[in-house]
Amino acid sequence: MRIGYPCINRSIGCSASRTFRLASYSEARLCEAVNQNIDCLTRILAYNIREGLLFFRISSDMIPFASHPLCAADWQGTFRGRLSALGTFIRNYRIRISMHPDQFILLNARDEDVYNRSVAELAYHAELLDLMGLSATAKIQLHVGGIYGDREESIKRFLERYGRLDETIVRRLVIENDDSRYPLADCLRISRECGVPVLFDSFHHAVFSSGEGLHDSALSAADTWSSGDGLPMVDYSSQYPSGRPGKHAEHLDPDDFARFLAETAPLDFDCMLEIKDKESAARSALGIATGDPRLVTGLKGQRE
DNA sequence: AATGGTCAAGTCAGC
DNA sequence: GCTGACTTGACCATT
């Protein structure tokens with residue numbers, strides 16, 4: 001099991017998702033942001049290696065506006081060398097990589113324009129990972145999409161559009177159960193139809209499911225991954241106490257995470273900690289997973 | 001230098 | 001019909 005966290009490191013003082021306003025777009029501005037993002041990502045990954053955190057989600061903002069019609073810049077050519085070097089670094093240290101396009105990306109959108117923009121954005125994600133020379137184990141995780149008043153029709157539309165995707169996207173795309181629209185059961189059904197792997201989000205499942213148990217759920221999602229996909233990925237989080245159900249916790253709850261590990265054992269997977277204090281939570285999780293209490297921060301009474 | 005309104009993009013629940 | 005949550009930071013105009 002590798003353990004990691006998404007996109008942002010809160011302690012080393014740089015951001016690998018620097019962007020700018022569309023109104024101030026220029027090629028120079030783009031290059032400046034991308035160079036800074038690559039610099040910072042390199043620093044974050046070096047930090048992660050030192051800490052034993054070998055799973056990381058790269059921000060979709062790595063190349064700002066990459067799929068926007070306004071972006072005429074040849075970022076692929078400009079950054080080919082740097083991205084390739086970064087990818088070599090990632091492969092050498094056997095770091096697992098994921099990406100997660102955000103809520104605007106809807107493969108099953110009713111609106112053709114939204115659908116077309118979504119495919120363009122997925123193509124950008126795949127191209128970025130390709131330029132880094134990463135294998136198909138580097139995944140792009142996506143939710144199934146909207147309901148649009150008709151779940152069955154919207155699932156059919158997802159399947160039909162999935163079938164039309166370019167292979168460069170298909171080899172990396174996985175779907176994740178969300179916390180309000182498409183639960184694990186739907187994702188598994190879709191996977192049986194088209195073969196897309198299912199990334200199990202344990203927290204979404206706790207918030208939104210028909211009550212299937214954690215152990216069996218993690219197992220059935222893991223079954224949808226083939227050898228070329230790498231170890232299954234799982235997202236973990238826990239509830240922010242007294243917050244809206246589904247709100248992510250600020251700190252890792254050591255007891256909850258230990259219970260999560262016990263219930264999913266002996267299944268092996270790469271685990272993404274979707275906790276707001278990021279690398280701190282991931283270090284604690286690593287401490288719990290490896291039995292090293294020195295890594296576990298946030299002792300009793302310090303939780304929110 | 002500090003601040004706070006706003007940022008490419010969609011959906012859906014709640015008023 | 002409109003607003004806010006999602007999730008969240010950080011850009012940048014303004015002071």
Side-chain angles (χ1 to χ4, degrees), chain A residues 5-26 28-30 32-34 36-37 39-41 44 57-73 75 98-125 140-151 153-155 157-158 161 175-183 186 201 203-204 207-208 235-240 242-251 272-281 304:
Chain A
Y5 58 97
C7 303
I8 293 165
N9 179 299
R10 304 223 291 200
S11 56
I12 68 175
C14 71
S15 159
S17 50
R18 295 205 58 168
T19 182
F20 46 86
R21 294 289 185 257
L22 187 58
S24 53
Y25 181 94
S26 74
R29 200 67 197 270
L30 178 73
E32 184 192 353
V34 174
Q36 287 178 358
N37 288 340
D39 289 343
C40 183
L41 181 54
I44 292 175
R57 183 182 302 163
I58 295 176
S59 165
S60 296
D61 276 335
M62 181 90 173
I63 317 284
F65 306 107
S67 76
H68 193 281
L70 198 84
C71 182
W75 59 269
S98 66
M99 295 188 79
H100 192 341
D102 59 8
Q103 77 244 46
F104 311 107
I105 309 311
L106 296 152
L107 203 50
N108 75 348
R110 266 191 311 199
D111 183 322
E112 282 286 312
D113 291 338
V114 173
Y115 161 62
N116 288 324
R117 282 198 292 273
S118 297
V119 173
E121 181 74 355
L122 289 174
Y124 145 63
H125 282 74
I140 301 167
Q141 62 188 91
L142 192 68
H143 295 297
V144 176
I147 300 286
Y148 307 99
D150 188 337
R151 178 177 302 269
E153 216 28 62
S154 296
I155 287 176
R157 204 163 47 246
F158 178 93
R161 286 175 172 173
I175 55 172
E176 173 194 352
N177 56 303
D178 66 64
D179 63 1
S180 64
R181 295 172 207 178
Y182 292 97
D186 285 342
D201 186 311
F203 184 43
H204 289 164
V207 172
F208 183 59
D235 283 357
Y236 166 85
S237 188
S238 63
Q239 177 64 38
Y240 181 86
S242 76
R244 173 195 57 81
K247 189 174 160 73
H248 291 230
E250 188 69 31
H251 309 292
M272 178 69 64
L273 277 287
E274 291 192 323
I275 307 278
K276 288 195 184 157
D277 66 3
K278 305 286 179 181
E279 74 278 10
S280 170
E304 293 291 332

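When reading the values below, keep in mind they use all heavy atoms of this one structure, side chains included, and skip hydrogens, waters and symmetry mates. Letters A, B, ... are given to chains in the order of the sequence lines, protein chains preceding strands, and every chain is numbered from 1.
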Check the distance between [N]'s [atom2] and [X]'s [atom1] and give it to me in whole angstrom.
X: A:Leu22; N: C:dC11; atom1: CG; atom2: C1'; value: 13 Å
X: A:Phe20; N: C:dA13; atom1: CZ; atom2: C1'; value: 18 Å
X: A:Asn108; N: B:dT11; atom1: CG; atom2: P; value: 9 Å
X: A:Asp61; N: B:dA8; atom1: CG; atom2: C1'; value: 10 Å
X: A:Asp178; N: B:dA13; atom1: CG; atom2: P; value: 12 Å
X: A:Arg157; N: B:dT11; atom1: CZ; atom2: C1'; value: 13 Å
X: A:Tyr240; N: C:dT7; atom1: OH; atom2: P; value: 14 Å
X: A:Gln36; N: C:dG9; atom1: CD; atom2: P; value: 19 Å

Is [X] touching bases, backbone alone, or none of the nucleic acid, heavy atoms closer than 4.0 Å?
X: A:Lys276; value: sugar-phosphate
X: A:Phe65; value: base
X: A:Ile147; value: sugar-phosphate
X: A:Ser17; value: nothing
X: A:Arg110; value: nothing

When rounded to the nearest Å, what value does the distance between [atom1] atoms of [N] and [M] take?
N: B:dA2; M: C:dT8; atom1: P; result: 26 Å
N: C:dT7; M: B:dG5; atom1: P; result: 23 Å
N: C:dC12; M: B:dA8; atom1: P; result: 9 Å

| query | Short question: side chain of A:Arg10, backbone of A:Lys276 - any donor-acceptor pair under 3.5 Å? | reply | yes

- Hey, is the main chain of A:Glu32 close enough, under 3.5 Å, to the side chain of A:Arg18 for a donor-acceptor pair?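 Absent.
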
Determine whether A:Tyr182 and A:His143 satisfy the following criterion, ring-ring contact (aromatic ring centres under 6.0 Å, His included), listing intermediate values before the conclusion.
CA-CA 8 Å; A:Tyr182 292 97; A:His143 295 297; 9.6 Å; no

**Asked** Is there a donor on the side chain of A:Arg21 or the base of C:dC11 sitting less than 3.5 Å from an acceptor on the other?
**Response** yes

From [options], nucleotide with atom closest to [X] side chain:
X: A:Leu106; options: B:dA9, B:dT11, B:dG5; result: B:dT11
X: A:Asp102; options: B:dA9, B:dG10, B:dT11; result: B:dA9
X: A:Ile105; options: C:dT7, C:dC11, B:dA9; result: B:dA9
X: A:Glu121; options: C:dC12, B:dA9, B:dG10; result: B:dA9

For a quick test of reading the model: is some side-chain N or O of [X] closer than 4.0 Å to OP1 or OP2 of [N]?
X: A:Ser24; N: C:dC12; answer: yes
X: A:Ser15; N: C:dA10; answer: yes
X: A:Arg18; N: C:dA10; answer: no
X: A:Arg117; N: B:dG10; answer: yes
X: A:Arg10; N: C:dT8; answer: no

Closest heavy-atom pair, A:Pro6 versus A:Met272, reported as atoms and distance to 0.1 Å, is N-SD, 3.5 Å

Practice problem: Measure the acute angle between the ring planes of A:His248 and A:His204, then classify it against the limits of 30° and 60° as parallel, tilted or perpendicular. | Solution: perpendicular

Open item on the list: As a quick check of understanding, evaluate ring-ring contact (aromatic ring centres under 6.0 Å, His included) for A:Tyr124 and A:Trp75, giving each step before the final call.
Closed with: CA-CA 11 Å; A:Tyr124 145 63; A:Trp75 59 269; 5.7 Å; yes

Using the rule for Phe, Tyr, His and the six-membered ring of Trp, do A:Phe104 and B:dA9 stack at under 5.5 Å and under 30°?
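Per 5.5 Å and 30° rule: yes, stacked.
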
Paired to C:dT7 by Watson-Crick or G-U wobble criteria (both distances under 3.5 Å) is none

Applying the 3.5 Å cut-off to both distances, the Watson-Crick or G-U partner of B:dA9 turns out to be none

A:Cys40 meets the disulfide bond (SG atoms under 2.5 Å apart) criterion, sequence neighbours left out, with A:Cys14

